[in-house]
Amino acid sequence: MTTRILPAVGDPDTARSLITLLSQLPGTEPMRAVPDSATLLETLAALSHESVAGLPEVVVVHERIGPLPALELIREVALRFPAVGVVLISADPTAGLYSAAMDAGARGLAGLPVSFEELSTRLAAAAQWAAGMRRHLGAGESFGTGPGGTLITVSGAKGGVGATLLATQLALAAQRPEGRGVVLVDLDLLSGDVGSFFDVQFRRSLADLAGISDISPQVLAEAVFTHRTGLSMLIAPAEGERGEDVTDTTARQLLAAVRARYDTVVVDCGSQMNAATAAAVELADTALLVTTPDVISVRAVNRMVRMWDRLQIRKAEGVTTVVNRLTRSSAIQPQLISRITGTQVARQAVPANFKELQEAQDAGRIQDLDVKGPVRRAMWALATELGLAAPQPTGGGGHSRRKGRRG
């Protein structure tokens, strides 16, 4: 079998020397070198248009490639084209660089000037890995087109009303031992807090999926963090400006991919509408809008549902409002909110009890809310009302604590 090698080398002399050496390796077919990171990504995207089989088995990246730094480029190739093995070549192949390259997704590191034996060994290992990945992916495997999982969006009428807390608890409540699992997607792209609520430190975010035309199972798996509770998460980018890369098209492709993979998809949309959250609300089986029982928040509900209606995203009668921090003394009760906004109001309201939440939120252990606490019980009861979870037995237990992976 012929191994196709695509060099990504900016220096013409180094590129010629490398191609000459590659030509001498048995069973290899060097392709025309690309001079920079942008051209490499464009070339790979074009070659993968028909199927995985169109891609080269190995890409050789020179350490001084630009404008994207070599390690960032390797990370991008590994995420977008997981069936391609990457070998980094460097004039200073230290143990630290080797570790960083492997962490980025490279399959080997070779020193400059490159020797015949070393290059042959590194390329063979990368090609073998690529062949295994292609068998795993079925050389073009994609998600099924059958009925997908349930998609529920949680939006805040305004900031600070508790939408993220509700999204986390609905996702936790929806977990069950059987089936394909639950994923919590943080589409609050500028200031998403799902990661903080669970104390998640992970090198990937859903922004890494922007611009990928075909989100394969392997690409999705690379971006998903699995928490020790068993809950899967796609977290918002740590750098808020990266959220601008997540377009309407990206959101639709992402949501189609996760619905095909998971039984339940809970999306935290935050309180600021953009193209991505608009797409999510439009596609949702259930769209929740969280409010507190005060005039300012209820007016914000009105503004949001009227905007969704004007933009033909969703009709008011297709929205379910959830009342958070409700007390007996609240001047505005759920029935009045339904009349004012024209939305359905969930039967299960959530009581006000900040003390129950403070310790778990501050410690990044939102999964450890007291199972007997009124807020946690109300939110899990809401999950049952929405059909996401079975009724919880009195004094029901917590979650299994399976070890998740961290990046």
Side-chain angles (χ1 to χ4, degrees), residues 3-11 13-22 24-28 30-31 33-41 43-44 55-137 201-205 208 218-219 221-226 238 403-407:
T3 300
R4 292 161 298 173
I5 314 292
L6 176 58
V9 183
D11 177 64
D13 292 335
T14 304
R16 281 192 294 269
S17 299
L18 181 60
I19 290 176
T20 299
L21 188 57
L22 290 172
Q24 300 171 15
L25 297 175
T28 63
M31 302 171 67
V34 294
D36 54 59
S37 58
T39 305
L40 173 62
L41 295 174
T43 300
L44 292 175
L55 289 165
E57 282 71 28
V58 181
V59 169
V60 178
V61 174
H62 188 270
E63 64 179 343
R64 299 183 67 181
I65 194 74
L68 198 63
L71 293 178
E72 289 298 318
L73 178 60
I74 291 169
R75 185 173 289 111
E76 187 74 10
V77 171
L79 178 67
R80 294 179 57 179
F81 310 100
V84 175
V86 183
V87 173
L88 175 65
I89 55 174
S90 167
D92 188 23
T94 62
L97 179 60
Y98 176 83
S99 176
M102 296 305 104
D103 183 61
R107 311 314 308 175
L109 171 65
L112 287 172
V114 181
S115 70
F116 183 93
E117 292 77 13
E118 182 182 24
L119 185 61
S120 178
T121 300
R122 300 292 180 266
L123 293 179
Q128 184 178 13
W129 182 87
M133 283 300 302
R134 292 177 195 214
R135 286 193 299 271
H136 176 70
L137 295 174
Q201 303 294 327
F202 193 48
R203 67 183 184 279
R204 303 292 194 197
S205 77
D208 291 313
Q218 178 64 22
V219 168
E222 287 288 331
V224 169
F225 176 86
T226 303
K403 186 178 180 180
R405 57 184 174 84
R406 289 181 179 267

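Arg64 meets the side-chain contact (heavy atoms from CB on, under 4.5 Å) test with His62; sequence neighbours excluded. Applying the side-chain contact (heavy atoms from CB on, under 4.5 Å) test to Thr39 and every residue at least two apart in sequence or in another chain returns Val34, Pro35, Asp36, Thr43. Residues passing the side-chain contact (heavy atoms from CB on, under 4.5 Å) test with Ser115, sequence neighbours excluded: Glu117, Glu118. Annotation: side-chain contact (heavy atoms from CB on, under 4.5 Å) contacts of Met31 (sequence neighbours excluded): Arg4, Leu6, Leu47, Pro56. Remark: Ser37 pairs with no residue by the side-chain hydrogen bond (donor to acceptor under 3.5 Å, both in side chains) rule, at least two apart or across chains.
Under the 4.5 Å side-chain criterion, counting only non-hydrogen atoms from C-beta, Phe225 is not in contact with Arg204. Under the 4.5 Å side-chain criterion, counting only non-hydrogen atoms from C-beta, Leu44 is in contact with Val59. For the pair Leu123/Ile5, a side-chain contact is recorded, criterion being any heavy-atom separation below 4.5 Å from C-beta on. Annotation: side chain of Ile89 is in contact with side chain of Leu18 (closest heavy-atom distance under 4.5 Å). Under the 4.5 Å side-chain criterion, counting only non-hydrogen atoms from C-beta, Leu97 is in contact with Leu88. Inter-residue side-chain proximity for Val9 and Val61 is flagged as unmet; no heavy-atom pair is nearer than 4.5 Å.
We find the OG1-CD distance between Thr28 and Glu57 to be 11.0 Å, quoted to the nearest 0.5 Å. Rounding to the nearest 0.5 angstrom, the gap separating the OG1 atom in Thr3 from the CG atom in Leu25 is 9.5 Å.
Taking every heavy atom of both residues into account, Phe202 and Glu222 meet most closely at CZ-O, 3.9 Å. Between Gly85 and Ala130, the shortest heavy-atom contact is N-CB, 3.9 Å. In this structure, Phe116 and Pro26 approach most closely via the heavy-atom pair CZ-CD, 4.4 Å. Of all heavy-atom pairs between Val58 and Ala127, the closest is CG2-N, 3.7 Å.
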Contacts table for residues 71-84: side-chain donor-acceptor under 3.5 angstrom, sequence neighbours left out:
from	atom 1	to	atom 2	distance (Å)
Glu72	OE2	Arg75	NH1	2.9

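Arg122 contributes a side-chain N or O that, together with a main-chain N or O of Leu109, makes up a donor-acceptor pair within less than 3.5 Å.
Sorted by first then second residue, the side-chain hydrogen bond (donor to acceptor under 3.5 Å, both in side chains) pairs that include residues 84-101, not counting sequence neighbours, are Glu63-Ser90.
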